[in-house]
Amino acid sequence: MAQISLTFPDGNAREYEAGITAAAVAESISKSLSKKAISATVNGEHWDLQWPINADASIAIHTMQDDDQALELIRHDLAHVMARAVQDIWPDVKVTIGPVRDNGWFYDFDRAEPFTPEDLGQIEAKMKDIINARDAVKTEVWSREDAIKFYQDNNEPYKVELVERIPAGEDIRMYWHGDWQDLCRGPHLQHTGQLPADAFKLTHVAGAYFLGDSDRPMLQRIYGVAFKNRKDLKAWEVMMEEAAKRDHRKLGREMNLFHMQEEAPGQVFWHPNGWRIYTTLQDYMRRQQTRDGYVEVNTPQVVNRKLWEDSGHWENYQENMFIVEVDEDHAREKTVNALKPMNCPCHVQVFNQGLKSYRDLPLRMAEFGSCNRYEPSGALHGIMRVRGFTQDDAHIFCTDDQIEFETKKFIEFLSGIYADLGFHNWTIKLSTRPEKRIGSEESWDRVEAALGNACRAAGHDFEIQEGEGAFYGPKLEFTLTDAIGRDWQCGTLQVDPNLPERLDATYIGADGDKHRPVMLHRAVLGSFERFIGILIEEHAGKLPFWLAPRQVVVASIISDADPYVHEVVAALNAAGVRAEADIRNEKINYKVREHSVAKVPVILAIGQKEVDERTVTLRRLGEKQTRVVELDQVVTDLAAEATAPDLR
RNA sequence: GCCGCAGUAGCUCAGUGGUAGAGCGCACCCUUGGUAAGGGUGAGGUCGGGAGUUCAAUCCUCCCCUGCGGCACCA
């Protein structure tokens, strides 16, 4: 037998016989390590303890101390244990795939009857039995023919298809957890007893298409979460409760911001409180745009299909547009219009009015563009995914040579806005040429380089998403991370030479000839509706003072204080602070609780003492302590705080 | 759009084959109280919409709408 040399993390190397398993290596080090071992890393690859090592390599043996590997294995093995439990209980159920995902895993099953919540409890109990049985995990590499035959014989048609899809040259690995068999890449634990029986939970059942293909029948997906120990599972549960508390649909109702109703699905009825957030944000964005050299326009909602045919949207998105047919007098056919699903074709119409010179470029044309899209019913979600929304949209008409500078300028613009709005943690992704595309390789090379250079020049790293660009040009996506770690793609910049071509936009160059401009579609917030949803969830409803719809409540303690309460409110209002009086016949405890629940950032309490001394007692949301402040002082301070960040 | 679940007072929810209940909120009265719910009285419902079964439907069946959790989609 040939000898191989394995190098350990501490730099020491030892000789072994070729073909030794990682488990045997662990055993050679110590009995206790061999018991505790869960997997290995061999030449950077996560390695099953049962797999042989045939050549010189670096090796590290993992135990449950190694979080990354431990969580991966726990979740992955639990996916198999769950599938086994399901087939133990219902032998007719067909298994498909079950990958690790997020904080757990899912597994898709084909079963005629739906799984119920009671079923989940039963499956969990069975899983615990399997864990307690400490069943050994075994693996073998099989030939494609044997694997296909095996699954055909066992009436597992999905597995047959999965085996057929494994690329040539890749091992086809069969795994057993006890007697139960599954196709799997591995690696896995040594035995089911290494799984934590008290740190996992089946969370919910949902439909899912096999391999994500909506043309195929729907399977039933069971989701689970798992951690190393019970404490981490509890922490996850607390985190889920926290996320539920931040839900913008719940807070929107509690703070009286907006509502939705079935006569207008996917559209928002903004209440005074919510609309105050909206207009405050829009006013801020308008000031920013104006400062950054944009001109603002406004374009029609109902536009004849001809324009959408010319732009190409009719062909691709007809199904997703609201169609408005009008029966004009004596017309043989109805006139067919569509509510605009986007603003760009209309912006080109504005651009096309009058001759444009190269001296007009770059032309930055902005619109708070109200759009309507007939989104699939299942896609709707609160105010985050709606059918009627307003984009902070703009199109920059420019020459090829101006793309890089305009992109850099835009990134700096966006960066300042995100900072003002309290988002400091965001990333850029650059999506490059897809397989199906138009335009020359040279022009793709040039534009992709321009976007990359612009990011660097603006001082930002970016990640490349290979092949994810539009068919006509590359794009940048700006994704921000919120207070509880969720990512939201908001900003975008998309290079588009196609639409100016289709809609025949031209400018006269320095050479006196007509030229084609390029359009940069760009947005910072995305849509006001969605962004406000994100803001609500980011702050758990406790919006920064300048954005808070209700900023101050001045609450009386005794009714003799009422005149002074009104005076305080008037002084604050005059200084640009949104303040209101609460002189109801209620105790101060009651008022404090009510306004705290409603997330009013500042409560000013007024009793006899304040009236006599011309002060207020100020209490901030979430703080227990109060402090007494002179009236003039509180007006000055709160007025400063109420000023938008760009005006301070 | 697909799979599953749900829809009862403004909100959160209980309930029944014989046309409904709680808490909070709301209105009125008492209370003038010093920082997260003072007390009393009262109003408020086509039980999501339509059809069917039944002597009788909020309850059972079917269809539709809307919402929720995913999947698919997101110009």
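Below, chains carry the letters A, B, ... as their sequence lines are ordered, and counting in each starts from 1. Here the structure is a predicted model, which is why all the values come from computation and not from measurement.
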Could you pull out all residues at least two apart from A:E630 that satisfy side-chain contact (heavy atoms from CB on, under 4.5 Å)? A:T615, A:Q633
Between protein and nucleotides 64-75 of chain B, map the contacts as a letter string: B base, S sugar-phosphate only, - none, heavy atoms under 4.0 Å, written 5' to 3'. -SSSSBBBBBBB
Name the nucleic acid region contacted by A:E623, choosing base, sugar-phosphate or nothing; use a 4.0 angstrom heavy-atom cut-off, strictly under. nothing
Looking at A:T626 and B:U35, is any side-chain donor or acceptor paired with a base atom of the opposite kind under 3.5 Å? no
Sticking with atom C1', work out how far B:G52 lies from B:G21, rounded to a whole angstrom. 29 Å
Could you note down all residue pairs passing salt bridge (charged side-chain N to carboxylate O under 4.0 Å, His left out) where residues 378-398 of chain A supplies at least one of them, sequence neighbours left out? A:E375-A:R385
What class does the angle between the rings of A:W270 and A:Y278 fall in, given that below 30° is parallel, 30 to 60° is tilted and above 60° is perpendicular? perpendicular
Once you apply a heavy-atom cut-off of 4.0 Å, does A:T116 come out as touching a base, just sugar-phosphate, or nothing? nothing
What integer number of Å spans the C1' atoms of B:C73 and B:C2? 11 Å
If the C1' atom of B:G17 is compared with that of B:C59, how far apart are they to the nearest Å? 7 Å
Can you give the dot-bracket line for RNA chain B, using ( ) for pairs inside the strand, [ ] for pairs that cross earlier ones, | for pairs with another strand and . for unpaired bases, where Watson-Crick and G-U count if both distances are under 3.5 Å? (((((((..((((....[..)))).(((((.......))))).....(((((..]....))))))))))))....
Less than 4.0 angstrom from a charged side-chain N to a carboxylate O is my criterion; do A:D119 and A:R111 meet it? yes
Residue list, side-chain contact (heavy atoms from CB on, under 4.5 Å) with A:R433, at least two apart or on another chain: A:R437, A:E441, A:W444, A:D445, A:E448
Pairs satisfying salt bridge (charged side-chain N to carboxylate O under 4.0 Å, His left out), at least one member in residues 208-226 of chain A, at least two apart: A:D108-A:R221, A:E161-A:R216
By side-chain contact (heavy atoms from CB on, under 4.5 Å) - contacts of A:E501 (at least two apart): A:R516
Pairs in or reaching into residues 267-276 of chain A: which pass salt bridge (charged side-chain N to carboxylate O under 4.0 Å, His left out), with residues at least two apart or in two chains? none
Listing request: all salt bridge (charged side-chain N to carboxylate O under 4.0 Å, His left out) pairs with a residue in residues 614-624 of chain A, at least two apart in sequence or in separate chains. A:E567-A:R614, A:R620-A:E641
List in chain and number order the residues that pass side-chain contact (heavy atoms from CB on, under 4.5 Å) with A:D110, two or more places apart in sequence or in another chain; answer none if no residue qualifies. A:K94, A:Y158, A:L219
Taking only side-chain N and O atoms of A:K609, does any of them lie within less than 4.0 angstrom of OP1 or OP2 on B:G34? no
So, OP1 or OP2 of B:A36: does either fall under 4.0 Å of a side-chain N or O from A:R619? yes
Counterpart residues, salt bridge (Lys or Arg N to Asp or Glu O under 4.0 Å), relative to A:E594 (two or more places apart): A:R584
Enumerate all atom pairs, one protein N or O and one N or O from nucleotides 37-47 of chain B, separated by less than 3.5 Å.
unit_1 : atom_1 : unit_2 : atom_2 : d
B:A37  : N7     : A:R593 : NE     : 3.2
B:A37  : N6     : A:R593 : NH2    : 2.4
B:A37  : N1     : A:R593 : NH2    : 3.3

